[in-house]
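Right, one structure below, let's go through it.
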2 protein chains.
Amino acid sequence: MSGKREQNKRKNRQAILAAAQQLFIQRGFEKTRIDDLARSAGIGKGTVYSYFASKEEILLELIANMRIKIHQQFSDNNDANAPVTAQLMTLFMCQFDFVENNPELARIMLRESMFPDKNTVEQRNQVDIKYLNTVSAILYQGQQRGELRGELDLLTCTLQMYSNYLTIISGWFIGYTRDHADVRDCLQRTILLSLSGCASEPFAEQYKTNTPHQNFYLNLRCKD
Amino acid sequence: MSGKREQNKRKNRQAILAAAQQLFIQRGFEKTRIDDLARSAGIGKGTVYSYFASKEEILLELIANMRIKIHQQFSDNNDANAPVTAQLMTLFMCQFDFVENNPELARIMLRESMFPDKNTVEQRNQVDIKYLNTVSAILYQGQQRGELRGELDLLTCTLQMYSNYLTIISGWFIGYTRDHADVRDCLQRTILLSLSGCASEPFAEQYKTNTPHQNFYLNLRCKD
DNA sequence: CTAAAAAGTTGACTGCGGTCATTTTTTCCG
DNA sequence: CGGAAAAAATGACCGCAGTCAACTTTTTAG
């Protein structure tokens with residue numbers, strides 16, 4: 001019976017995540033004590049720390065799992081032939097729904113995701129990249145259909161669209177937007193602006209560049 | 001001598017900030033204990049908390065003060081007639097210099113600034129708005145000079161430019177950009193993209209909107 | 001099967017941010 | 001002045017995240 005150990009480890013890890021899901025959502029992240037969480041998972045406090053490096057790590061893995069599910073839902077329902085704006089709106093609003101329903105948890109995730117400290121787990125990062133890849137794919141299709149300029153640098157463009165989303169979310173946290181409809185409107189606005197550009201005619205042309213990105217060390221996949 | 005109390009309060013507050021500046025920068029935020037900070041300021045630990053609500057509040061006020069100085073430096077040196085791109089680059093790179101030199105402190109500030117929790121001090125927010133106003137002013141001048149489209153919604157445009165900056169900074173924290181030159185390049189790129197737009201000719205026109213923003217409850221001042 | 005080694009579990013303990021009852025200083029006013 | 005009231009300072013204390021030496025379970029190998 002050499003699988004006993006592995007089996008137990010999987011069970012414990014799941015138990016911790018399940019307890020965390022229950023407690024973090026029900027009672028809140030700050031108000032949940034690790035001791036309670038451990039008790040609820042049927043293990044000792046110290047054991048928790050042989051599975052996760054910190055309380056926050058538990059939350060981040062939990063959220064990463066949720067975000068993968070959300071992404072799956074998007075993929076299942078998205079119409080890849082819809083206009084770029086529509087697809088981006090759908091993708092971003094799916095994410096915002098989660099943020100709106102779990103502001104405390106999402107806030108911690110967003111903080112860590114945008115401004116991580118050194119000891120970040122690579123894997124969690126992958127969920128963000130999954131979303132960036134999706135944006136990238138949407139834009140690439142837009143290029144193929146002629147909606148977007150063909151010589152665009154996709155990476156810059158992807159970053160900008162995602163950054164539009166993050167800033168609107170940030171505005172929501174700060175209190176500049178009140179409800180779902182506000183967020184939707186603002187998001188639509190910035191996306192449209194990104195598409196149409198700020199410059200006036202004579203200038204716009206000269207601002208167009210097509211040299212590829214070389215200083216942002218991230219490779220996105222725009223094709224499945 | 002009825003001013004004794006007021007005078008002392010001002011002195012203590014300054015002493016705390018001075019000690020914080022020294023210790024947070026020298027030894028780091030995490031590694032500085034409140035007890036040490038209090039000792040260094042010549043007061044008791046409890047007293048610190050009658051001036052600041054938390055360790056983080058001290059840091060945030062400290063940084064807010066630094067950012068005001070940085071902004072002053074920018075104002076003093078900025079050429080208001082330079083092209084929009086140049087002015088924005090100068091403004092953002094001034095800020096990045098601070099971030100680069102104090103990553104730990106800046107990280108905490110950026111996290112709190114973008115995704116604050118409920119009990120945020122209004123005053124600190126004002127520094128961010130100061131910067132947004134500056135961006136707004138730069139863009140407004142650009143409009144006046146004909147560089148930017150006159151019917152642009154300044155708020156949306158301002159948010160987008162600032163969000164370009166924040167995302168590049170975020171990329172730097174994550175490790176997607178390595179050095180000062182990378183950041184500069186990427187920033188330039190996204191700004192140019194914001195100016196020229198992503199859409200191809202026939203589409204670009206129809207994405208242009210000129211209805212003013214109504215769902216983002218922030219009023220910027222684009223004129224001094 | 002047994003015993004030693006390896007892997008995993010545990011809760012008492014540590015360190016630090018933040019609190020609060022007590023003490024000290026300052027102000028007010030007769 | 002003096003002494004009462006108000007304001008401020010203080011450090012012992014608390015709660016909780018995270019550690020670690022002791023202990024238990026599982027695996028390995030002879």
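Letters go in sequence order (proteins before strands), and every chain restarts at 1. Scope of the values below: all heavy atoms of this structure, side chains included, with no hydrogens, waters or symmetry mates. Only a predicted model underlies this, so the values are computations on that prediction, with no experimental measurement involved.
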Requested in this report: Could you tell me the separation between the NZ atom of A/K9 and the P atom of D/dT25, rounded to a whole number of Å?
Outcome: 18 Å

Query raised in the report: B/L37 CG to D/dA9 P: how many Å, rounded?
Result: 15 Å

Query - B/L152 side, atom CG; B/C157 side, atom SG - distance, nearest 0.5 Å - result: 4.5 Å

Report task. May I ask you to say what A/T47 touches in the nucleic acid, namely base, sugar-phosphate or nothing, with a heavy-atom cut-off under 4.0 Å? Result -> base

**Report entry** Length of the line joining B/E56:CD and C/dG18:C1', which is rounded to integer Å
**Finding:** 14 Å

Query raised in the report: Do A/D76 and A/Q72 meet the criterion of a side-chain donor-acceptor pair at a distance under 3.5 Å?
Result: yes

Requested in this report: Check the distance between D/dA7's P and B/Q7's CD and give it to me in whole angstrom.
Outcome: 19 Å

Query raised in the report: So is A/R13 actually on top of A/F52's ring, under 6.0 Å and inside 45° of the axis?
Result: yes

Report summary line: Between CZ of B/R10 and C1' of C/dT26 the distance, given in whole Å, is 16 Å

**Report entry** Nucleotide C/dT26, atom P - distance to CG of B/N8 in whole Å
**Finding:** 7 Å

Query raised in the report: Reckon A/F52 touches a base, only the sugar-phosphate, or nothing at all at heavy-atom distances under 4.0 Å?
Result: nothing

Query raised in the report: B/Y51 OH to C/dG18 C1': how many Å, rounded?
Result: 18 Å

**Report entry** Base-contact (B) and sugar-phosphate-only (S) positions in nucleotides 12-17 of chain D, heavy-atom cut-off under 4.0 Å, - elsewhere
**Finding:** ----SB

Report task. Classify the side-chain pair A/N164/A/S194 by whether it contains a donor and acceptor separated by less than 3.5 Å. Result -> yes

Query raised in the report: Honestly, is A/R67 close enough over A/F98, meaning NZ or CZ under 6.0 Å from the six-membered ring centre and within 45° of the axis?
Result: no

Report summary line: Against the side chain of B/R5, the closest entry in D/dA9, D/dA8, C/dA7 is D/dA8

Report task. Determine yes or no for a side-chain-to-main-chain donor-acceptor pair under 3.5 angstrom, with B/E104 supplying the side chain and B/E30 the backbone. Result -> yes

Query raised in the report: Under 4.0 Å between a Lys/Arg side-chain N and an Asp/Glu carboxylate O for B/D185 and B/R189?
Result: no

Query raised in the report: Does A/N12 place a side-chain N or O at less than 4.0 Å from the phosphate oxygens OP1/OP2 of C/dT9?
Result: yes

Report summary line: Atom CG of B/D36 and atom P of C/dC16 are separated, to the nearest Å, by 8 Å

